[in-house]
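Chain letters run A, B, ... following the sequence lines, proteins first, then strands; residues in each count from 1.
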There are 2 protein chains.
Amino acid sequence: MSRNRLRTVASAATVLKTFTASRPDWGVSDLAAHLGKSTSSVHRILSTLADEKLLEQDPETGRYKLGLALFDLAAAVPSQRTLQEAVLLPMTDLRNTTRETVQVGVLDGRHVVYVERLDSPHSLRFFSEFGRRADAHCTSTGKALLAYTPTSRLDRLLKGWDLPQRTEHTIIAHSALRAELKRVRRRGFATNRHESAVGVVSIAAPIRDQRRTTVAAISVAGPAERFDEHQDSIAQAVTHAALAASRRLGFTVAA
Amino acid sequence: MSRNRLRTVASAATVLKTFTASRPDWGVSDLAAHLGKSTSSVHRILSTLADEKLLEQDPETGRYKLGLALFDLAAAVPSQRTLQEAVLLPMTDLRNTTRETVQVGVLDGRHVVYVERLDSPHSLRFFSEFGRRADAHCTSTGKALLAYTPTSRLDRLLKGWDLPQRTEHTIIAHSALRAELKRVRRRGFATNRHESAVGVVSIAAPIRDQRRTTVAAISVAGPAERFDEHQDSIAQAVTHAALAASRRLGFTVAA
DNA sequence: CAGCAACATCCCGTATAGCGGGAAGAACTA
DNA sequence: TAGTTCTTCCCGCTATACGGGATGTTGCTG
């Protein structure tokens with residue numbers, strides 16, 4: 001943490017981040033109690049953020065919630081723009097080939113953030129999962145990204161990382177995860193077989209840029225029964241799409 | 001603007017909002033010049049926001065961009081959650097019926113913010129347009145929302161609103177817009193025929209909640225040539241989907 | 001229906017956080 | 001190699017932000 005920080009801005013950021021999907025609205029008093037601050041201070045932060053449209057206040061109840069200005073900001077997150085352009089056609093091709101949901105994710109610490117998505121024609125999924133974050137250790141996207149994370153950085157991530165067990169198939173031992181990541185590097189793709197949730201299977205491959213750095217991963221996900229029959233061909237299609245996307249980011253195959 | 005505001009927080013919000021799709025990254029010096037502040041002050045704000053993951057700094061160039069924490073916040077915006085659940089099946093049905101892209105939007109002042117989307121099976125569109133905002137006066141979604149905006153509020157919006165002309169078909173006169181909104185109320189749906197962009201046609205209908213308040217609109221959009229043949233049946237499907245979504249929000253048809 | 005509780009909002013005295021000038025260090029360019 | 005541009009940091013000064021407590025509103029309960 002930088003020494004030269006603005007504590008009022010940090011407090012306001014903390015306030016913003018207290019609004020979550022599971023706790024979408026707060027009153028002045030209960031937020032003050034939650035944060036251990038006075039109602040005066042919290043009220044000032046909330047009304048300032050509301051003036052800036054980052055929050056909204058329900059005029060009937062007086063409670064605050066996140067505001068629409070956040071959509072504008074989320075839509076402007078730039079690293080995904082270059083990535084978006086690169087994955088446009090490969091994602092569409094992959095979706096049309098596999099008829100399944102296709103996603104692109106990036107690593108954020110011990111999580112995956114899904115930044116792009118194309119629904120399968122017969123999927124009920126929605127944009128609401130845009131920006132969704134998931135565990136890195138038990139998703140194919142996460143494992144595809146961790147597999148190519150520099151060793152020193154992976155060591156730092158693993159230190160103190162008590163891998164959450166999501167299903168009975170979830171890898172929870174560091175040694176097992178390291179072995180699995182080695183297997184991912186050998187095969188060139190990662191799989192998730194009921195590790196993040198029972199019934200969910202996915203395959204992911206890394207997307208690299210012109211410096212050969214893995215910057216994202218592309219995946220196909222669906223219910224297990226549709227995958228088991230065609231895993232080899234899906235894996236091939238995913239690695240093909242990942243290479244196509246990589247090429248568009250300037251990656252060249254070694255001679 | 002509230003008198004009781006935190007100017008450091010307001011400055012930080014201004015900094016965040018300076019990052020846009022068209023200007024996705026800033027250095028300390030050029031942002032300071034842009035905002036008329038000293039580099040010391042701007043640097044402190046930027047590094048504090050980076051500590052909070054709302055911004056990221058490129059370690060090679062020193063320039064700042066928006067951070068991934070914004071996805072978490074955008075995904076947690078609550079008013080869309082209830083709406084999402086309500087529009088789930090109606091959107092899917094509408095997409096399957098029309099084979100076109102389906103969106104749900106809400107009004108934000110003189111703009112529409114698209115908060116849900118389902119791509120047509122043959123669309124190249126992507127999540128990058130999630131949260132996209134568009135003019136209200138020349139989109140079917142916008143007109144469907146403005147048509148049911150209380151008169152006093154519509155008057156306030158129109159006052160000083162110089163309607164931007166996007167194509168030769170765009171409504172730019174207040175009187176013409178009022179007449180058009182009357183027509184929307186009479187027909188129960190709104191249309192956009194090359195008004196927001198040449199070649200783009202869409203049809204939208206209002207979604208109401210249990211208090212009979214119009215809270216969102218659902219629309220189908222596509223290229224003009226696919227719409228012209230089936231406008232009546234598409235309009236019927238859209239109004240049907242809007243009613244289904246409304247019912248799920250507790251709306252009941254008057255006896 | 002009156003009293004009470006809970007909440008948001010606001011005022012004001014105090015002190016500390018934040019401001020900007022300017023210096024230091026790094027990287028780039030002519 | 002010197003000059004330029006940029007980011008980062010230090011420090012004195014002052015204006016902002018803090019929290020206690022008061023006020024007003026709304027809803028609940030006996």
Side-chain angles (χ1 to χ4, degrees), chain A residues 1-20 23-67 78-79 210-211 213, chain B residues 1-20 23-67 78-79 210-211 213:
Chain A
M1 183 179 290
S2 175
R3 188 175 303 123
N4 189 17
R5 73 195 261 106
L6 296 168
R7 71 183 266 177
T8 313
V9 172
S11 296
T14 298
V15 162
L16 270 182
K17 289 187 272 184
T18 314
F19 293 82
T20 61
R23 191 70 185 266
D25 70 287
W26 291 86
V28 177
S29 302
D30 51 13
L31 183 57
H34 179 81
L35 296 175
K37 288 180 176 291
S38 72
T39 57
S40 307
S41 303
V42 169
H43 179 255
R44 259 194 311 274
I45 293 175
L46 289 170
S47 60
T48 304
L49 291 171
D51 287 340
E52 305 294 335
K53 302 285 193 89
L54 294 170
L55 291 179
E56 288 175 17
Q57 184 182 29
D58 186 320
E60 292 189 357
T61 63
R63 296 175 77 79
Y64 289 81
K65 61 185 185 181
L66 290 168
S79 54
Q210 78 283 4
R211 292 177 294 172
T213 304
Chain B
M1 184 181 293
S2 174
R3 190 174 301 121
N4 189 18
R5 72 197 262 104
L6 295 167
R7 73 180 268 177
T8 313
V9 172
S11 295
T14 298
V15 162
L16 269 182
K17 290 186 271 183
T18 313
F19 292 82
T20 59
R23 190 72 184 265
D25 70 287
W26 291 85
V28 178
S29 301
D30 52 11
L31 183 56
H34 178 81
L35 297 176
K37 288 178 176 288
S38 71
T39 56
S40 309
S41 303
V42 168
H43 179 254
R44 259 192 311 273
I45 294 175
L46 289 171
S47 59
T48 305
L49 291 171
D51 287 340
E52 303 296 335
K53 302 288 193 86
L54 294 171
L55 290 178
E56 289 174 18
Q57 185 182 27
D58 185 321
E60 292 188 356
T61 63
R63 296 175 76 80
Y64 290 81
K65 61 185 185 181
L66 290 170
S79 54
Q210 78 284 2
R211 291 179 296 170
T213 305

For B:Val42 and A:Asp30, take the nucleotide of DNA chain C holding the closest heavy atom to each; which residue's nucleotide lies nearer the 5' end? A:Asp30

Closest-nucleotide mapping onto DNA chain C: is A:Gly27 or A:Arg7 further toward the 5' terminus? I mean the 5' end. A:Gly27

On a heavy-atom basis, the closest approach of A:Ala10 and B:Glu52 is CB-OE2, 3.4 Å

Roughly, in whole Å, what's the span from [atom1] in [X] to [atom2] in [N]?
X: A:Leu35; N: D:dC18; atom1: CG; atom2: C1'; result: 15 Å
X: A:Leu31; N: C:dT9; atom1: CG; atom2: C1'; result: 15 Å
X: A:Lys37; N: D:dG21; atom1: NZ; atom2: P; result: 19 Å
X: A:Glu56; N: C:dA8; atom1: CD; atom2: P; result: 17 Å
X: B:Arg5; N: C:dC11; atom1: CZ; atom2: C1'; result: 19 Å
X: A:Ile45; N: D:dG19; atom1: CD1; atom2: C1'; result: 12 Å
X: B:Arg63; N: C:dC28; atom1: CZ; atom2: P; result: 14 Å
X: B:Asp58; N: C:dA26; atom1: CG; atom2: P; result: 19 Å

Closest approach to the side chain of [X], judged atom by atom: which nucleotide of [options] is it?
X: B:Val28; options: C:dA17, D:dT7, C:dC19; result: D:dT7
X: A:Leu6; options: C:dG22, D:dC18, C:dG18; result: C:dG18
X: B:His43; options: C:dG20, D:dC18, D:dC9; result: D:dC9

Using a 4.0 Å heavy-atom cut-off, does A:Ser29 contact any base of the nucleic acid, only the sugar-phosphate backbone, or nothing at all? sugar-phosphate

To the nearest 10 degrees, what angle separates the axes at the start and end of the helix from C:dC1-D:dG30 to C:dA30-D:dT1, five pairs each? 40°

Heavy-atom donor-acceptor pair, [X] side chain to [Y] backbone, under 3.5 Å:
X: A:Thr48; Y: B:Leu6; value: yes
X: B:Lys37; Y: B:Ser11; value: no
X: B:Gln57; Y: B:Gly62; value: yes

Should the heavy atoms of other residues, nucleotides or ligands under 6.0 Å from NZ of B:Lys53 be counted, would the total exceed 12? no

Phosphate OP1/OP2 of [N]: any [X] side-chain N/O under 4.0 Å:
X: A:Ser40; N: D:dG21; result: no
X: A:Gln57; N: C:dC7; result: no
X: A:Arg44; N: D:dA17; result: no
X: B:Tyr64; N: D:dC6; result: no

Mind checking whether A:His34 and A:Trp26 have parallel, tilted or perpendicular rings, split at 30° and 60°? tilted

For residues B:Thr18 and B:Leu31, determine if any side-chain heavy atom of one lies less than 4.5 Å from a side-chain heavy atom of the other. yes

Can you find a heavy atom in the side chain of B:Tyr64 that is under 4.5 Å from one in the side chain of B:Leu49? no

